Structure formats: C-alpha cells, structure tokens
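Following: one structure in structure tokens, then a few remarks.
None of the values given here were measured: they were computed from a predicted structure. Atoms within a ligand are numbered from 1 in the order they appear, just like the ligands themselves.
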Amino acid sequence: MQIDLSNTSVLVTGASRGIGAAVARAMGNAGARVAIHYRDRREQASALAAQIGASAEVFQADLSRAEECTALWQAVVARFGRVSTLVNNAGVALSSALESATEDWLEGWDTTLAVNLRAPAILCRLAIGHFQTQGGGRIINISSRAAFRGDQPPYLAYAASKGGLVALTRSIARGFGKAGILAFNVAPGFTRTDMAQEFLDQYGEDYVAGDIALRRLTEPEDIAPFVVFLASGLGDHSTGCTIDVNAGSYVH
Ligand code: NAP
C-alpha cells in the first residue's frame, strides 16, 4: 500500500538529526510539506530540507523556553497556512545521578520536563486550537519504552517526562476525538542516534544487543514508517494508542 500525504503539512520537532530527521524525510517522501524544526543544527536541518525538496522549510526554536514554543507554532502556521499533523519528537535524555548536588539534580529535572513534556504540551494546545478551526488534525508524540519499562536511576526525570507525555496524549485522544483530533504515542526502545551514543559508549553494543529480541539495533528508519502511517489517517481508530518499536525488548 502506497501512503500519499500530498496536500498535508507536518511540523516535526527535533528534525535536524536522529529519529526526527528520519521521520521528516519519510513524510517528505510520502508527499507532505514538512516544517523541519531544529535548535542548534541549522546546517543539518537545511541539508535535509534541500534533500526533501522545495516545499520543506526549516524553523529554529529552543523548546526549553515556553515563548519559543509558541513562536515556533505561529511561524509555521504563518508560512504554511494550515498544519495537518504535529509530531512532537524533540527531546533530551540528561543523566542526573541521585548522588549529584541537589541543585544540579533539580536542574536536570527542570530542563528535562521543559523540553520533553511542557514543550509538547504547549504545542499540543496550540495545535488543538488550530485543528478545531480546520475540522481536525493529528498529533503524534514520540514517547519512549522508558515510560512503561522504567529507566536507569540517572534517568528518572527522563522516564517520568515520557510517562507524562503518554498520559497527555491519551487525554487529548479522549477529549478531542469528536472534534476530529487524533493523538498517538510512538514509543521507541533503544535506537541508534546521538542520544543513544552516550549509553553505547558507556555500556557497549553487546550489552544493548543482548537486551533486544532481534538481531540488529533499531535505526531511526525503523521508527519513521509508523509515524507516516499514523499521519495518513489509516490508524485513526486506534487514537490514544501507543505503538511500541523496541525490537521486542519490552513487550506488554
Ligand atoms: P537526538 O539524536 O539526540 O536528537 C534530538 C533532537 O531534539 C535534535 O534535533 C535536537 O535539535 C532537538 N532538541 C534537543 N533539545 C532541544 C531543545 N531544547 N529545543 C529544541 N530542540 C531540541 O535524539 P533522538 O534519539 O533522535 O530522539 C528523538 C526522540 O525519540 C526523543 O524524544 C527521544 O526521547 C525519543 N527516544 C529516543 C530513543 C533512542 O534510543 N534514541 C529511545 C526512546 C525514545 P538540535 O540538534 O538542532 O540541537
């Protein structure tokens, strides 16, 4: 089955690299007009936009700042006129040991919650308002296996932020379905990106490979097709669901 996203427009946050870049590329390949959001990596975001084609555009914002989340949404709507799908993908995984100074530990929590939970919430709120004037739209939030399985002690804030994102998504699905607004979680397991590299460096590839049921580690391109599928409308009746993409490392 060929998925055709022409006549749709999509905002993908954190699309300068990793999972977000793979999602943006797959959306573009399916015909969507893609807003590629980045924080620092303008060159990578621009190169991706050039690959996707003339309709793709790049947008900068530091999503740890509430006002920049709002400005990002407004900039995309101003350029595109209409957004059909919001993909909240940008995220951070900050290590913050229990033994660290309280101030540092709290700073890790604050940044993690701001980027991984508050920013998606702000963008969801703005998207819902926009979708209500358009007859509907879709939200796809990139959560994590950590929301369900839990994570290592230095990543308590990370797991908690992703658990919050799951609950946020489910609540939107239940609250706004009658308005034609659908909301989904995609929950990757360990996926080979810059974010995962620190863990790979620390524990080694064999450790990670031993944790999964498949023969190779998950790549960003293994996640992207699920997001394209959900954006297409073919999965609308599973609104509120979570799609696990974790190579069988946590089956629930
Ligand atoms: P990544 O390679 O580290 O890329 C992170 C992306 O988020 C980059 O585009 C980055 O922008 C952006 N970003 C980071 N902090 C930001 C901020 N303050 N404001 C705006 N943008 C910011 O990450 P990834 O592995 O692809 O992860 C993507 C999503 O999947 C995240 O939500 C992550 O939690 C989730 N996930 C990943 C894994 C995994 O194993 N990789 C597993 C489960 C879930 P710049 O590069 O431009 O700064």
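In this structure Glu198 satisfies the salt bridge (Lys or Arg N to Asp or Glu O under 4.0 Å) test with no other residue, sequence neighbours excluded.
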Show your reasoning for whether side chain to side chain contact (heavy atoms under 4.5 Å, CB included) applies to Val87 and Thr13. CA-CA 6 Å; Val87 182; Thr13 67; over 6 Å; no
Check against ring-ring contact (aromatic ring centres under 6.0 Å, His included), Phe59 and His37: CA-CA 5 Å; Phe59 297 84; His37 157 263; 8.9 Å; no
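Checked options Asp194, Asp201, Thr193; the residue passing with Gln197 is Asp201 (criterion: side chain to side chain donor-acceptor pair (under 3.5 Å)).
The side-chain tip of Arg138 does not point at the ring of Phe184 from less than 6.0 angstrom away and within 45° of straight on.
Thr111 has its side chain within reach of Leu94: a pair of non-hydrogen atoms, C-beta onward, lies under 4.5 Å apart.
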Does ligand 1 have any N/O atom under 3.5 Å from a protein N/O, and what are those pairs and their distances?
unit_1: ligand 1; atom_1: 9 (O); unit_2: Gly14; atom_2: O; d: 3.1
unit_1: ligand 1; atom_1: 9 (O); unit_2: Ser16; atom_2: OG; d: 2.8
unit_1: ligand 1; atom_1: 11 (O); unit_2: Ser16; atom_2: OG; d: 3.4
unit_1: ligand 1; atom_1: 15 (N); unit_2: Arg39; atom_2: NH1; d: 3.3
unit_1: ligand 1; atom_1: 18 (N); unit_2: Asp62; atom_2: OD1; d: 3.1
unit_1: ligand 1; atom_1: 19 (N); unit_2: Leu63; atom_2: N; d: 2.8
unit_1: ligand 1; atom_1: 25 (O); unit_2: Thr193; atom_2: OG1; d: 2.5
unit_1: ligand 1; atom_1: 26 (O); unit_2: Ile19; atom_2: N; d: 2.8
unit_1: ligand 1; atom_1: 32 (O); unit_2: Asn89; atom_2: O; d: 2.7
unit_1: ligand 1; atom_1: 32 (O); unit_2: Lys162; atom_2: NZ; d: 2.8
unit_1: ligand 1; atom_1: 34 (O); unit_2: Tyr158; atom_2: OH; d: 2.6
unit_1: ligand 1; atom_1: 34 (O); unit_2: Lys162; atom_2: NZ; d: 3.1
unit_1: ligand 1; atom_1: 40 (O); unit_2: Thr191; atom_2: N; d: 2.8
unit_1: ligand 1; atom_1: 40 (O); unit_2: Thr191; atom_2: O; d: 3.4
unit_1: ligand 1; atom_1: 41 (N); unit_2: Thr191; atom_2: O; d: 3.1
unit_1: ligand 1; atom_1: 41 (N); unit_2: Thr193; atom_2: OG1; d: 3.1
unit_1: ligand 1; atom_1: 46 (O); unit_2: Ser16; atom_2: OG; d: 3.1
unit_1: ligand 1; atom_1: 46 (O); unit_2: Arg17; atom_2: NE; d: 2.6
unit_1: ligand 1; atom_1: 46 (O); unit_2: Arg17; atom_2: NH2; d: 3.2
unit_1: ligand 1; atom_1: 46 (O); unit_2: Arg41; atom_2: NH1; d: 2.9
unit_1: ligand 1; atom_1: 47 (O); unit_2: Ser16; atom_2: OG; d: 3.0
unit_1: ligand 1; atom_1: 47 (O); unit_2: Arg39; atom_2: N; d: 2.9
unit_1: ligand 1; atom_1: 47 (O); unit_2: Asp40; atom_2: N; d: 3.0
unit_1: ligand 1; atom_1: 47 (O); unit_2: Arg41; atom_2: N; d: 2.9
unit_1: ligand 1; atom_1: 48 (O); unit_2: Arg39; atom_2: NE; d: 3.1
unit_1: ligand 1; atom_1: 48 (O); unit_2: Arg39; atom_2: NH2; d: 3.2
unit_1: ligand 1; atom_1: 48 (O); unit_2: Asp40; atom_2: N; d: 3.2
unit_1: ligand 1; atom_1: 48 (O); unit_2: Arg41; atom_2: NH1; d: 3.3

